[in-house]
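Encoded as structure tokens, the structure appears first; notes follow it.
Because the structure is a prediction, the values reported are computed rather than measured.
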There are 2 protein chains.
Amino acid sequence: MTATPEISVDRILRALADPSRKAIVERLSRGPLSVSSLAGPLEITLTAVAQHLQVLEECGLVRTEKIGRVRTCSLETKGFLPLEQWIRDRRSLWEMRLDQLGDFLAEDE
Amino acid sequence: MTATPEISVDRILRALADPSRKAIVERLSRGPLSVSSLAGPLEITLTAVAQHLQVLEECGLVRTEKIGRVRTCSLETKGFLPLEQWIRDRRSLWEMRLDQLGDFLAEDE
């Protein structure tokens, strides 16, 4: 990993905030698909799908592999880890803060 | 909850994909702050901060409370739950799919 976790989280959030890219991730979580099978139900062009896939690949959420003439796309579930870690960090910092407040109030009694 | 979990996830992702709103969430995870203390380091106007806070409130990530003349903002860590659940669902569907593939290959041997 050359990217800092912070950069990754921003990229993952921006990637998933797009409804087409979120739909691609949802469909791929049910199993690998070819680019053309992905494009059909989304009602967008193959070029648009390819661009969305590139964004998802660059932030580590999707992997594509060309076998013969067919490019197959798979979900990379470990790509979610930086975002999950970011959420956990927010929660643990907040809980630590609440604990400190509790201690402070207890001392004050 | 009147909103479906799906709508909430879209809103949470769109809310957090904005760098200023993500920065607000990061700062609030270290403890509650007034609107004006939030605005300072972000180098944006109070009006812009108020608009970002409204988006974060509407998707359940932030709570604001007016005490006297000061509006205080707090993180609502339970607001992350729909997004965390969405990620867990993607991972469990994918792992189920891998298990099925493993069973299929084992049968084939």
Side-chain angles (χ1 to χ4, degrees), chain A residues 4-33 55-56 59-63 72-104, chain B residues 4-33 55-56 59-63 72-104:
Chain A
T4 66
E6 200 58 22
I7 290 172
S8 303
V9 173
D10 285 355
R11 289 176 79 171
I12 294 166
L13 286 168
R14 274 200 297 271
L16 293 174
D18 177 274
S20 298
R21 286 196 289 264
K22 179 163 166 282
I24 289 174
V25 167
E26 284 173 348
R27 292 196 57 218
L28 290 180
S29 64
R30 289 174 170 82
L33 284 169
V55 174
L56 291 169
C59 70
L61 290 169
V62 165
R63 184 165 37 91
T72 301
C73 314
S74 309
L75 193 67
E76 278 279 33
T77 56
K78 67 175 185 291
F80 290 116
L81 291 175
L83 177 56
E84 290 181 295
Q85 187 59 51
W86 181 82
I87 296 173
R88 271 198 298 271
D89 289 347
R90 302 286 76 70
R91 183 172 289 128
S92 59
L93 281 167
W94 178 253
E95 282 163 7
M96 201 156 63
R97 172 74 196 184
L98 284 190
D99 288 347
Q100 286 169 348
L101 187 67
D103 292 346
F104 175 79
Chain B
T4 66
E6 201 57 20
I7 290 172
S8 303
V9 173
D10 285 356
R11 288 176 79 171
I12 294 166
L13 286 168
R14 275 200 296 271
L16 293 174
D18 177 276
S20 297
R21 286 195 290 263
K22 179 163 167 281
I24 289 175
V25 168
E26 285 173 345
R27 290 195 58 220
L28 290 180
S29 64
R30 290 176 171 80
L33 285 169
V55 174
L56 291 168
C59 70
L61 290 169
V62 165
R63 183 165 37 90
T72 301
C73 314
S74 308
L75 193 65
E76 279 278 32
T77 56
K78 66 175 185 290
F80 289 117
L81 290 176
L83 177 56
E84 291 181 294
Q85 187 58 52
W86 181 82
I87 296 173
R88 271 198 298 272
D89 289 347
R90 301 286 77 69
R91 183 173 287 129
S92 59
L93 281 167
W94 178 254
E95 281 164 6
M96 202 157 62
R97 172 76 196 183
L98 284 190
D99 287 347
Q100 285 169 348
L101 187 67
D103 291 346
F104 175 78

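The salt bridge (Lys or Arg N to Asp or Glu O under 4.0 Å) search around A/Arg63 returns A/Glu76, not counting sequence neighbours.
Proximity of a side-chain donor or acceptor of B/Arg21 to a complementary backbone N or O of B/Ala15 within less than 3.5 Å is detected.
Only the side chain of B/Leu83 has a heavy atom closer than 4.5 Å to any heavy atom of chain A. At a 4.5 Å heavy-atom cutoff, B/Ser92 makes no contact with chain A through either its backbone or its side chain.
Taking each heavy atom of A/Ala17 and B/Leu13 in turn, the nearest pair found is CB-O, 3.8 Å.
A distance of 8.5 Å separates CG in B/Leu33 from OG1 in B/Thr72, rounded to the nearest 0.5 Å.
The candidate with the highest count of non-hydrogen atom pairs below 4.5 Å against chain A, out of B/Arg88, B/Arg30, B/Arg91, is B/Arg91.
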